[in-house]
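This structure is a prediction, so every number in the text was calculated from the model and none was measured. If you read the sequence from its start, that first residue is 1, and numbering goes on from there.
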Amino acid sequence: MNRILIIDDNEAVLNHFLVFFAQDGRFEVETLQDSSRAFSVIDGGDFDLILLDMDMPTVTGRDILRYVREKHDLGVIVITGVEDVSLAVDAMKLGAYDYICKPVDKNRLLTSMERALEHSRLRGQVSRLRGEIAQEKLRHEAGFHGIVTRDPALLRILGRLEQIARSGNNVLIQGESGTGKELVAHAIHRASPRAAGPFIAVNMAEHAADLFASEFFGHERGAFTGAHRQKTGFFEEADGGTLFLDEIGDLEAVNQAKLLRVLQEGEFFHVGSTQRRGVDVRVIATTNRDLPAMIEAGGFRLDLYYRLNISSIHLPPLRERKGDVDLLAYFFLDRHCRRNDRRIEYIEDDVLEILERYDYPGNVRELENIIASAVVLEKKRALTRRSLPPAVTAGLNGSRLPAGAHGFKTLSELEREHIIRVLDHTSGNRTAAARILGCSRVGLHSKLKKHGLD
């Protein structure tokens with residue numbers, strides 16, 4: 001039962017409210033006629049809501065509003081006999097939730113009270129979640145900051161990571177796309193004895209097979225056509241630090257042997273040189289592929305797998321850590337409100353329910369993109385379901401869309417609609433639209449062409 005404090009210097013008004021709330025039966029009510037005692041009563045009362053008269057001697061309604069705003073996270077509804085627009089505006093600026101004139105419409109009062117209590121509950125939820133985020137940041141201040149979770153399984157993994165980071169072992173991080181493998185790799189580097197050294201990140205899928213030796217080991221001037229100057233390779237750049245090999249499963253077989261050799265010997269040659277070069281590098285590799293299955297099929301070298309997989313980490317997908325969705329949603333809400341200079345105070349309950357039911361094929365990265373897009377599109381002070389992409393809200397009548405169900409739109413159709421919606425919001429600015437959608441401008445161009453929108 002919510003506790004309500006009514007402050008009014010008119011005893012008849014207080015008695016009237018006591019009778020009304022006794023008949024209603026939903027609230028525990030305390031009254032205060034002497035406003036000079038208001039501060040001490042509020043401090044010791046553990047109230048959920050205050051009904052406040054503005055025109056009182058000694059300590060006025062304005063004084064009490066200022067005190068509540070500074071000292072308490074508590075809703076206040078002003079009830080006054082003076083119908084004054086400037087007074088109402090002043091009260092709202094001081095933090096009042098609503099302003100109701102006497103004689104009071106009881107239905108309106110009860111509706112306003114319910115909304116004020118719900119607003120306070122949401123503020124409390126937001127404060128709790130942001131407090132958890134702050135604790136997570138503090139917990140991992142030594143190197144694992146930025147990894148936000150309350151999931152017991154992931155917390156155990158992070159505990160192991162702190163031990164792994166202090167070793168010199170090569171590390172293989174496995175997990176689906178978007179689970180935060182690169183974030184974890186950075187964290188391992190920051191928490192390691194190599195933290196002062198370089199962190200060189202390489203996406204293995206972005207480098208042509210015939211340029212592997214040049215890119216990774218460097219080359220001499222004149223080593224091949226177009227080699228107009230000497231080039232330092234990734235291994236030399238990472239000397240004394242960490243070489244991060246993203247998606248190692250995309251490395252072609254012929255280059256797997258070259259990588260294995262340098263990991264075994266700690267030496268390599270520039271292309272076009274016979275001089276051996278030593279290197280001190282820790283390798284952290286990631287993959288979203290099933291490397292043991294690839295080994296079985298002959299697509300990945302077993303000996304290279306053992307060299308990389310000295311210490312192994314598997315990151316769970318977001319669908320297996322649903323308790324983190326609300327925490328991450330507020331983390332990304334704060335991040336993207338700052339980036340876009342927006343003021344969105346909280347996420348509505350039905351939005352959190354939708355987010356918690358969604359399966360996240362793109363994992364944490366997809367959740368961030370959803371929130372980033374919604375922050376730009378939302379026009380209210382709360383994140384509402386109308387700002388969510390259609391692909392997220394499509395399955396509201398079930399956790400998954402039934403296969404082949406009549407009347408449902410395909411994912412392709414939903415994607416097309418969302419792209420059109422975002423382009424309309426950006427007035428056709430493709431660079432801004434790509435940023436909201438979480439893809440490159442080239443990627444957006446490809447999607448426009450695919451959907452016949454180019």
For T393 and R385, test the side chains for any donor-to-acceptor distance below 3.5 angstrom and give the result as yes or no.
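No, R385 and T393 have no side-chain donor paired with an acceptor closer than 3.5 Å.
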No-hydrogen, no-angle side-chain donor-acceptor test under 3.5 Å, E182 and T286
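Side chains of E182 and T286: no pair found under 3.5 Å.
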Verify the neighbour count for atom [atom1] of [X]: are there more than 12 heavy atoms of other residues, nucleotides or ligands below 6.0 Å?
X    : atom1 : value
K231 : NZ    : yes
E296 : CD    : no
R115 : CZ    : no

Any side-chain heavy atom of [X] within less than 4.5 Å of one from [Y]?
X    : Y    : value
D48  : F27  : no
L318 : L328 : yes
L308 : L263 : yes

For the student: nearest non-hydrogen atoms of [X] and [Y], plus distance:
X    : Y    : value
P317 : T179 : CA-CG2, 3.9 Å
I248 : F300 : O-CE1, 3.6 Å
R321 : V148 : NH2-O, 3.4 Å

Does this structure show an ion pair linking D46 with R3, if we count only N-O contacts that are shorter than 4.0 Å?
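No.
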Show the numbers, then the answer: is there a salt bridge (Lys or Arg N to Asp or Glu O under 4.0 Å) between D63 and R66?
CA-CA 5 Å; D63 297 328; R66 289 191 189 95; 3.5 Å; yes
Looking at Y305, is its backbone amide N or carbonyl O close enough to the side chain of N309 to form a donor-acceptor pair, meaning the two atoms are under 3.5 Å apart?
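Answer holds: no.
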Pick out which of T287, L251, D246 makes a side chain to side chain contact (heavy atoms under 4.5 Å, CB included) with M204.
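It is L251, the one option of T287, L251, D246 that forms the side chain to side chain contact (heavy atoms under 4.5 Å, CB included) with M204.
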From the options I370, L377, V375, V376, select the one residue that forms a side chain to side chain contact (heavy atoms under 4.5 Å, CB included) with S373.
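Answer after filtering I370, L377, V375, V376: L377.
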Go through F217 and F269 one step at a time and tell me if the ring pair (Phe, Tyr, Trp, His ring centres under 6.0 Å) criterion holds.
CA-CA 7 Å; F217 309 138; F269 299 91; 9.3 Å; no
In sequence, state the C-alpha distance, the side-chain angles, and the governing distance for E176 and R319, and then conclude on salt bridge (Lys or Arg N to Asp or Glu O under 4.0 Å).
CA-CA 11 Å; E176 296 178 10; R319 63 180 174 274; 2.5 Å; yes
Under the salt bridge (Lys or Arg N to Asp or Glu O under 4.0 Å) rule, what do E220 and R277 come out as? Steps first, then yes or no, please.
CA-CA 13 Å; E220 295 296 312; R277 296 173 183 268; 3.4 Å; yes
Applying salt bridge (Lys or Arg N to Asp or Glu O under 4.0 Å) to E378 and R342, what does each step give before you reach the verdict?
CA-CA 9 Å; E378 185 57 66; R342 302 297 307 277; over 6 Å; no
